[in-house]
Amino acid sequence: MEVSVKQTDALTAPELLAILKARVKVFVVEQQCPYQEVDDQDDQAYHLVLRENGQLVGYTRIMAQTDEVHFGRVLVPKEYRQRQLGRQLIASTLAEIKQSFPGKPVKIGAQNYLRAFYESFGFEAVSDVYLEDEIPHIEMVLK
């Protein structure tokens with residue numbers, strides 16, 4: 001398994017297209033949620049990609065702010081699910097955050113059905129459940 005992390009302006013055109021295709025496939029088409037998937041946060045984001053045999057098998061977007069770090073757009077394409085790649089993806093994301101942004105708190109807006117999954121990494125809920133694009137979410141911070 002290969003892990004790569006690049007800012008948007010360091011991605012090659014094929015790398016960026018693979019990421020965007022995967023994000024739209026999962027978050028817009030699969031979840032039937034029309035929204036502006038590519039946004040202004042992509043300009044300064046770090047893109048963490050898991051690849052197996054050259055294929056994108058996992059992705060997260062990391063956004064560093066002055067006082068905290070966020071990650072989102074967490075995905076494993078449907079054909080690679082049920083292989084524990086999500087666990088590897090989050091472990092890799094947290095390791096990258098710890099290395100690149102030491103000491104900064106980590107906060108996420110997680111889909112509520114994944115609450116226990118994120119809790120297994122040390123996250124705890126800090127909000128009530130809310131709807132984002134008609135999908136139940138919850139704010140979580142890393143303890």
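- Ile97 is not connected to Val49 by any chain of hydrophobic side-chain contacts under 4.5 Å among Ile, Leu, Val, Met, Phe, Trp and Tyr, and they are in different clusters.
- With a 4.5 Å cut-off on side-chain heavy atoms, Glu124 and Met140 do not count as touching.
- You'll find the side chain of Pro105 stays beyond 4.5 Å of the side chain of Val69, heavy atoms only.
- Counting non-hydrogen atoms of other residues, nucleotides and ligands closer than 6.0 Å to CG of Asp67 gives a total above 12.
- Both Ile62 and Val76 are assigned to one and the same hydrophobic cluster, defined by single-linkage of ILVMFWY side chains at heavy-atom distances under 4.5 Å.
- Residues Leu94 and Phe123 meet the side-chain proximity criterion, which asks for heavy atoms closer than 4.5 Å.
- Between Ile19 and Leu56, some side-chain heavy-atom pair lies under the 4.5 Å cut-off.
- Counted within 6.0 Å of CD on Glu119, heavy atoms from surrounding residues, nucleotides or ligands total more than 12; the atom is thus considered enclosed.
- No side-chain heavy atom of Gln31 sits under 4.5 Å from any side-chain heavy atom of Lys25.
- Here Leu16 contributes atom CG and Lys21 contributes atom NZ; the two are 11.0 Å apart, rounded to the nearest 0.5 Å.
- Hydrophobic clustering, with ILVMFWY side chains joined whenever heavy atoms are under 4.5 angstrom apart, groups Ile90 together with Leu50.
- Here the side chains of Val38 and Leu20 are in contact, with some heavy-atom distance below 4.5 Å.
- Scanning all heavy atoms of the two residues, the minimum distance from Pro77 to Gly58 falls at CD-N, 4.2 Å.
- Note that CZ of Arg115 and CD1 of Ile138 are 3.5 Å apart. Values are rounded to the nearest 0.5 Å.
- Remark: Gln7 CD to Asp43 CG distance equals 11.0 Å, nearest 0.5 Å.
- In this structure, CZ in Phe27 is found 10.0 Å from SG in Cys33, a value given to the nearest 0.5 Å.
- Pairs engaging residues 134-143 under the side-chain hydrogen bond (donor to acceptor under 3.5 Å, both in side chains) rule: Tyr130-Glu139 [sequence neighbours left out].
- Between Met1 and Gln88 the shortest side-chain heavy-atom distance falls below 4.5 Å.
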Apply side chain to side chain contact (heavy atoms under 4.5 Å, CB included) to residues Leu89 and Leu48 and explain how you reach the verdict. CA-CA 8 Å; Leu89 181 61; Leu48 186 142; 3.7 Å; yes

Can you check side chain to side chain contact (heavy atoms under 4.5 Å, CB included) on His47 and Leu11, steps first, answer last? CA-CA 9 Å; His47 304 273; Leu11 293 167; 3.6 Å; yes

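- Within the structure, side-chain hydrogen bond (donor to acceptor under 3.5 Å, both in side chains) contacts touching residues 72-81 (residues at least two apart or in different chains) are Glu30-Arg81, Glu37-Arg73, Asp39-Arg73.
- Here the straight-line distance linking atom OH of Tyr59 with atom OG of Ser4 works out to 10.5 Å at 0.5 Å rounding.
- Using modelled atom types and a 3.5 Å distance limit, the side chains of Thr93 and Glu96 yield no donor-acceptor pair.
- A single hydrophobic cluster is not seen to contain both Val28 and Val74; linkage of ILVMFWY side chains at heavy-atom distances under 4.5 Å, directly or through other members, places them apart.
- The shortest distance between side-chain heavy atoms of Arg87 and Phe117 falls below 4.5 Å.
- Hydrophobic cluster membership is shared by Val106 and Phe101, with clusters built from Ile, Leu, Val, Met, Phe, Trp and Tyr side chains linked at under 4.5 angstrom.
- Taking the six-membered ring for Trp and thresholds of 30 and 60 degrees, Phe71 and Tyr118 have ring planes inclined between 30 and 60 degrees apart.
- Closest non-hydrogen pair, Pro34 versus Gln32, comes out as CD-O, 3.6 Å.
- Ile108 CD1 to Met63 CE: the interatomic distance, rounded to the nearest 0.5 Å, is 10.5 Å.
- Panel note: side chain Lys104, backbone Gln65; a donor-acceptor pair is recorded below 3.5 Å.
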Dump the intermediate steps for salt bridge (charged side-chain N to carboxylate O under 4.0 Å, His left out) on Asp42 and Arg23, then the final yes or no. CA-CA 12 Å; Asp42 280 309; Arg23 284 175 30 179; 2.8 Å; yes

